[in-house]
S.K.: 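Can you keep this structure in mind? I'll have questions shortly.
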Amino acid sequence: MDEHESPELTDDEKKLFADLMPEDLNEILDTGVNRRHFLKLITLAGGGILAAQSAVAEQLLSRPPSLPPAELAPASLENGVNVAFRVNGTAQKLSVDSRMTLLDTLRERLELTGSKKGCDHGQCGACTVIVDGRRVLSCLTLAASCEGKTVQTIEGLSQGSKLHPMQESFLKHDGFQCGFCTPGQICSAVAMLDEARKGHVSYVTENVRKPMGPVQLSNEEIRERMSGNLCRCGAYPNIVAAIQEVHSGKPVKQKFLFTT
């Protein structure tokens, strides 16, 4: 007998289907029990309807379905485009829907799930990654727009088992609680410090007309420049301390102390 061929139903099993699923009986007798019949029978079992025929039902449900699960055909791309870029130092070539975001491409196609989908509207910053050295909201960035660019995600910040200084500082200062926003916070912080080194201004810069060199960031500046990254747990003081320590290169007193 073929491995997918349904074994012959016993008289008790035929009676079971005749009593509970008479509308499907002819199809079952012709083609055997398929997945739809199994699911329907399981639903009836869940409602307690099979109590009187429990022994027959158990025997039947213990069999594998007569038909294997239908294999999913590759998703067709109505607006497919080819994209080639580097992600965390590795060249990637993909065919994606022209409307697919960078975030979905990273998570679903490249299995880089460190970048989180929070609001999916560009308002929380959980999806922040670094593209060509600049922080971007990957939920609002089309993958197709990254052709020829370099993308760095939270997975690409560390060097093997050696963490990036910003990652180490977040650990030291407990700059996270649930951790959902942390990948975006860290990527944003790394790129933000690079912006400060290049003299980029912010809303709290006193004189935006004055040419600036590297900016020495105050805690107020850090809060302002990181304002696009939200932490629902409220770990902001620790996040600022972690960033300030990396920025200044000097130890910053921890905002908390473990009980010893």
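Nothing fancy with the numbering, it's 1 onward along the sequence.
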S.K.: Rounded to the nearest 0.5 Å, what's the gap from CG on Leu163 to CG on Leu171? Could you check?
M.R.: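 Nearest 0.5 Å value for the CG-CG distance: 6.5 Å.
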S.K.: Do Phe180 and Leu106 belong to the same hydrophobic cluster, where Ile, Leu, Val, Met, Phe, Trp and Tyr are linked whenever their side-chain heavy atoms lie under 4.5 Å apart, directly or via other members?
M.R.: no
S.K.: Answer whether the closest heavy-atom distance between the side chains of Arg225 and Val215 falls below 4.5 Å.
M.R.: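 Sidechains of Val215 and Arg225: in contact.
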S.K.: Looking at Glu220, I'd like to know if its CD atom is crowded, meaning that more than 12 non-hydrogen atoms belonging to other residues, nucleotides or ligands lie closer than 6.0 Å.
M.R.: no
S.K.: Indicate yes or no for a side-chain donor-acceptor contact from Gln167 to the backbone of His164 under 3.5 Å, with no hydrogens or angles considered.
M.R.: yes
S.K.: Are side-chain heavy atoms of Cys233 and Phe176 found at a separation under 4.5 Å?
M.R.: no
S.K.: Are any non-hydrogen side-chain atoms of Met192 and Ile243 less than 4.5 angstrom apart?
M.R.: yes
S.K.: Taking all atoms of both residues into account, what is the closest heavy-atom pair of Val131 and Lys149, and its distance?
M.R.: CG1-CD, 3.8 Å
S.K.: Side chains of Leu193 and Arg197: does their closest heavy-atom pair fall under 4.5 Å?
M.R.: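 Contact flag for Leu193/Arg197 side chains = yes.
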S.K.: Same cluster for Leu230 and Leu103 if Ile/Leu/Val/Met/Phe/Trp/Tyr side chains link at under 4.5 Å?
M.R.: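 Result: no, two separate clusters.
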S.K.: List the atom of Ser98, the atom of Ala144, and the distance in Å for their closest heavy-atom pair.
M.R.: O-CB, 4.4 Å
S.K.: How many angstroms lie between atom CE of Met166 and atom CD of Glu245, to the nearest 0.5 angstrom?
M.R.: 10.0 Å
S.K.: Quick check: closest heavy atoms across Val87 and Gln92, and the distance to 0.1 Å?
M.R.: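 Answer, listing the atom of Val87 first, then Gln92: CG2-CG, 3.9 Å.
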S.K.: According to side chain to side chain contact (heavy atoms under 4.5 Å, CB included), who are the partners of Leu140, at least two apart in sequence or on a separate chain?
M.R.: Leu137
S.K.: Is there side-chain contact between Thr141 and Cys146, with at least one heavy-atom pair below 4.5 Å?
M.R.: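 A side-chain contact under 4.5 Å exists here.
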S.K.: Mind checking whether Leu217 and Val190 sit in one hydrophobic cluster, side chains of I, L, V, M, F, W, Y counted as touching below 4.5 Å?
M.R.: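 Yes.
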S.K.: CD of Gln177 to OG1 of Thr182: how many Å apart, nearest 0.5 Å?
M.R.: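 OG1 of Thr182 is found 9.5 Å from CD of Gln177.
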S.K.: Quick check on the hydrophobic clustering: are Tyr236 and Ile186 connected, directly or via other members, by side-chain heavy-atom contacts under 4.5 Å?
M.R.: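 Result: no, two separate clusters.
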S.K.: Looking only at heavy atoms, what is the nearest atom pair of Ser138 and Cys127, with distance?
M.R.: OG-O, 2.6 Å
S.K.: Mind checking the CG-OG spacing from Leu102 to Ser145? Nearest 0.5 Å is all I need.
M.R.: 7.5 Å
S.K.: Ignoring hydrogens, what is the shortest heavy-atom contact between Val83 and Ala143? Give both atom names and the distance.
M.R.: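 Looking at all heavy atoms of both residues, the closest pair is CG1-O, 3.6 Å.
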S.K.: Which residues satisfy the side chain to side chain contact (heavy atoms under 4.5 Å, CB included) test with Ser188, sequence neighbours excluded?
M.R.: Thr128, Arg135, Met226, Asn229
S.K.: Supply the atom-to-atom distance Arg232 CZ to Cys178 SG, rounded to the nearest 0.5 angstrom.
M.R.: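 Here the interatomic distance stands at 9.5 Å.
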S.K.: Just to verify, which of Glu221, Glu224, Lys210 counts as forming a side-chain contact (heavy atoms from CB on, under 4.5 Å) with Thr205?
M.R.: Glu221
S.K.: Does any part of the side chain of Gln244, heavy atoms only, come nearer than 4.5 Å to the side chain of Lys250, both counted from C-beta?
M.R.: no
S.K.: Hey, is the main chain of Thr153 close enough, under 3.5 Å, to the side chain of Asn88 for a donor-acceptor pair?
M.R.: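 Yes: the side chain of Asn88 pairs with the backbone of Thr153.
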S.K.: Counting C-beta onward and ignoring hydrogens, is there a side-chain heavy-atom pair between Leu142 and Val96 closer than 4.5 Å?
M.R.: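 Answer no - side chains too far apart.
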S.K.: Minimum heavy-atom separation for Ser169 to Ala242, with atom names?
M.R.: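 In this case the closest contact between Ser169 and Ala242 is OG-O, 2.7 Å.
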S.K.: Give a yes or no on whether the backbone of Thr150 and the side-chain of Asp132 come within a donor-acceptor separation of less than 3.5 Å.
M.R.: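 Indeed, once roles are kept as given, a pair shorter than 3.5 Å links the two residues.
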S.K.: Could you check whether any side-chain heavy atom of Asn238 comes within less than 4.5 Å of a side-chain heavy atom of Phe170, counting everything from C-beta outward?
M.R.: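 No, every pair of side-chain atoms sits at 4.5 Å or beyond.
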S.K.: Please round to the nearest 0.5 Å and tell me the distance separating atom SG of Cys187 and atom CD1 of Ile154.
M.R.: 4.5 Å
S.K.: Which pairs, with at least one residue in residues 105-123 and sequence neighbours excluded, count as a side-chain hydrogen bond (donor to acceptor under 3.5 Å, both in side chains)?
M.R.: Asp104-Lys117
